[in-house]
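I have placed the structure first, in the form of structure tokens, so that the comments after it can refer back to it.
Since the model is a prediction, treat every value here as computed from it, not as a measurement. A, B, ... follow the sequence lines: proteins, then strands. Residue 1 opens every chain.
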Protein chains: 2
Amino acid sequence: MNIGDVATRSGLPAKTIRYYEDIGLIKPRRSDNGYRCFVESDLHKLAFLGRARALGFTIEDCRTLMALYEDESRASSDVKALAEEHLAKITGKIADLQAMHDTLSELVTCCAGDERPDCPILQDLSRQISRTPD
Amino acid sequence: MNIGDVATRSGLPAKTIRYYEDIGLIKPRRSDNGYRCFVESDLHKLAFLGRARALGFTIEDCRTLMALYEDESRASSDVKALAEEHLAKITGKIADLQAMHDTLSELVTCCAGDERPDCPILQDLSRQISRTPD
DNA sequence: TATTGACCTTCCTCTGACTGGAACCTCCAT
DNA sequence: ATGGAGGTTCCAGTCAGAGGAAGGTCAATA
């Protein structure tokens with residue numbers, strides 16, 4: 001298989017696949033003409049990577065996950081620990097975004113959104129900061 | 001005020017303040033010794049930027065918000081539109097993260113997390129992808 | 001006066017995970 | 001012979017700074 005076929009079947013852009021080879025996540029063979037020559041196991045790895053990335057794992061996490069996947073003697077606790085750590089990060093991000101959302105949506109609700117300049121959004125952003133006491 | 005004072009009072013790192021000058025968000029004067037010389041209005045702008053960034057607005061959004069803030073004849077609808085656009089992006093990100101969270105937390109729940117290699121997380125990541133039909 | 005240490009300056013590189021583009025090569029069909 | 005669709009490498013850019021090196025400045029102290 002050439003890279004185009006693998007891109008189609010894995011759903012990953014060819015650029016991304018080349019990048020994954022660059023950073024050592026996959027090691028496809030080469031044909032005599034220099035083209036990358038993918039076999040089913042390469043495709044399988046790429047699909048694995050694609051799904052792990054879709055779950056928000058970093059590339060380094062993916063590297064670890066692949067290593068665990070290929071290690072027949074792994075302990076599932078190692079996988080679970082990695083996933084839980086990642087889950088905690090996701091939870092944190094959601095909380096951050098939710099806080100932004102809440103603040104912003106309240107400001108948006110308060111803003112008339114008409115042709116006048118008065119705007120609670122700008123007012124909030126420009127709140128006076130505490131001065132140093134004289 | 002030197003940059004250290006402004007950093008303390010605005011809560012922004014000095015590096016960030018220099019960067020904001022670099023990209024033209026602020027234009028502090030210089031003292032004879034070459035030091036940046038900040039006045040209250042610079043501090044006010046930095047606080048504005050800090051809050052806008054804390055709400056997740058991009059730097060370019062911040063640039064626009066500052067321009068609107070300084071434009072006495074702005075229409076609040078312009079501010080509101082920008083905020084609503086940003087709010088929609090936040091909402092989208094939350095949904096994406098929530099989907100990851102849901103999937104991942106289910107997988108984590110299903111994983112025994114012991115010394116055995118069997119792991120539903122890895123199983124899910126390595127699901128066979130559909131083959132091209134023969 | 002010399003020196004210390006805190007503070008300031010610019011400049012350069014690095015981050016993550018790609019994406020876009022240029023310049024060039026290869027294959028297959030016409 | 002040519003055209004177009006694929007493939008290749010390499011370089012630069014993204015975003016919003018962070019980290020660090022090399023050096024200048026200032027105020028206080030010995």
Side-chain angles (χ1 to χ4, degrees), chain A residues 1-39 42-43 45-46 48-66 85-86 89-90 93 96-97 100, chain B residues 1-39 42-43 45-46 48-66 85-86 89-90 93 96-97 100:
Chain A
M1 271 183 290
N2 284 344
I3 200 166
D5 308 312
V6 180
T8 303
R9 290 184 60 192
S10 69
L12 296 172
K15 279 269 184 192
T16 299
I17 297 172
R18 289 194 195 99
Y19 173 67
Y20 286 175
E21 184 189 19
D22 252 25
I23 63 175
L25 283 176
I26 52 167
K27 301 194 191 342
R29 297 188 182 281
R30 297 295 180 125
S31 307
D32 292 343
N33 59 13
Y35 286 17
R36 287 170 187 81
C37 175
F38 297 85
V39 295
D42 294 318
L43 183 55
K45 279 189 190 183
L46 286 168
F48 183 101
L49 292 168
R51 274 189 294 265
R53 291 288 299 126
L55 285 178
F57 285 103
T58 66
I59 289 286
E60 286 316 302
D61 284 346
C62 290
R63 208 185 288 279
T64 306
L65 285 170
M66 288 257 299
E85 204 172 325
H86 178 45
K89 281 182 197 151
I90 290 176
K93 278 188 195 170
D96 290 350
L97 285 171
M100 288 181 196
Chain B
M1 270 183 291
N2 284 344
I3 200 166
D5 308 313
V6 180
T8 303
R9 291 185 59 192
S10 69
L12 295 172
K15 279 271 181 190
T16 299
I17 297 172
R18 290 194 195 99
Y19 173 66
Y20 287 175
E21 184 190 20
D22 251 26
I23 62 175
L25 283 176
I26 52 168
K27 302 194 192 339
R29 297 188 183 280
R30 297 295 180 124
S31 306
D32 291 344
N33 59 13
Y35 287 15
R36 287 171 187 80
C37 175
F38 297 86
V39 296
D42 294 318
L43 183 55
K45 279 190 189 183
L46 286 168
F48 183 101
L49 291 168
R51 275 189 293 265
R53 291 285 302 127
L55 286 178
F57 285 102
T58 66
I59 290 285
E60 284 317 302
D61 284 347
C62 291
R63 207 186 289 279
T64 306
L65 285 169
M66 288 257 300
E85 204 173 323
H86 179 45
K89 281 181 197 151
I90 290 176
K93 277 186 196 171
D96 290 351
L97 285 171
M100 289 181 196

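OP1 or OP2 of C/dC7 has not a single side-chain nitrogen or oxygen of B/Arg18 nearer than 4.0 Å. For C/dC27, one of the phosphate oxygens OP1 or OP2 lies less than 4.0 angstrom from a side-chain nitrogen or oxygen of A/Asn33. For the OP1/OP2 pair of D/dA16 and a distance below 4.0 Å, the side-chain nitrogens and oxygens of B/Thr16 include no atom meeting the criterion. Checking the phosphate oxygens (OP1, OP2) of D/dG17, a side-chain nitrogen or oxygen of B/Arg53 falls inside 4.0 Å. Distances shorter than 4.0 Å separate none of the side-chain N or O atoms of A/Arg36 from OP1 or OP2 on D/dG7.
Residue contacts for B/Ile23: at a heavy-atom cut-off of 4.0 Å it reaches no nucleic acid atom on any strand shown.
Residue-to-nucleotide proximity on DNA chain D shows that, of A/Ala14 and B/Tyr19, the 5′-proximal contact is made by A/Ala14. Taking the nucleotide of DNA chain D with the nearest heavy atom to each of A/Gly4 and B/Phe57, the more 5' of the two is matched to A/Gly4.
The CD1-P distance, from B/Ile17 to D/dG17, rounds to 11 Å in whole Å. The separation between B/Ile26 atom CD1 and D/dG17 atom C1' is 14 Å, rounded to whole Å.
In the set C/dT26, D/dT25, D/dA16, the nucleotide with an atom closest to the side chain of A/Tyr35 is C/dT26. The side chain of A/Arg30 lies closest to D/dT9, out of C/dT10, D/dT9, C/dC7. Considering only the side chain of B/Lys15, D/dG19 comes nearest among C/dT10, D/dG24, D/dG19.
Atom CZ of A/Arg30 sits in a crowded spot, with more than 12 heavy atoms from other residues, nucleotides or ligands closer than 6.0 Å.
With hydrogens and angles left out, the side chain of B/Tyr20 and the base of D/dG17 share no donor-acceptor pair within 3.5 Å.
The main-chain N or O of B/Asp61 is found under 3.5 Å from a side-chain atom of B/Thr58 such that the two form a donor-acceptor pair. When atom types are taken as modelled, the side chain of B/Asn2 and the backbone of B/Gly4 share no donor-acceptor pair closer than 3.5 angstrom. In this structure, the side chain of A/Ser10 engages the main chain of A/Leu12 through a donor-acceptor pair within 3.5 Å.
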**Study point:** Full working for salt bridge (Lys or Arg N to Asp or Glu O under 4.0 Å) between B/Arg18 and B/Glu21
**Key:** CA-CA 5 Å; B/Arg18 290 194 195 99; B/Glu21 184 190 20; over 6 Å; no
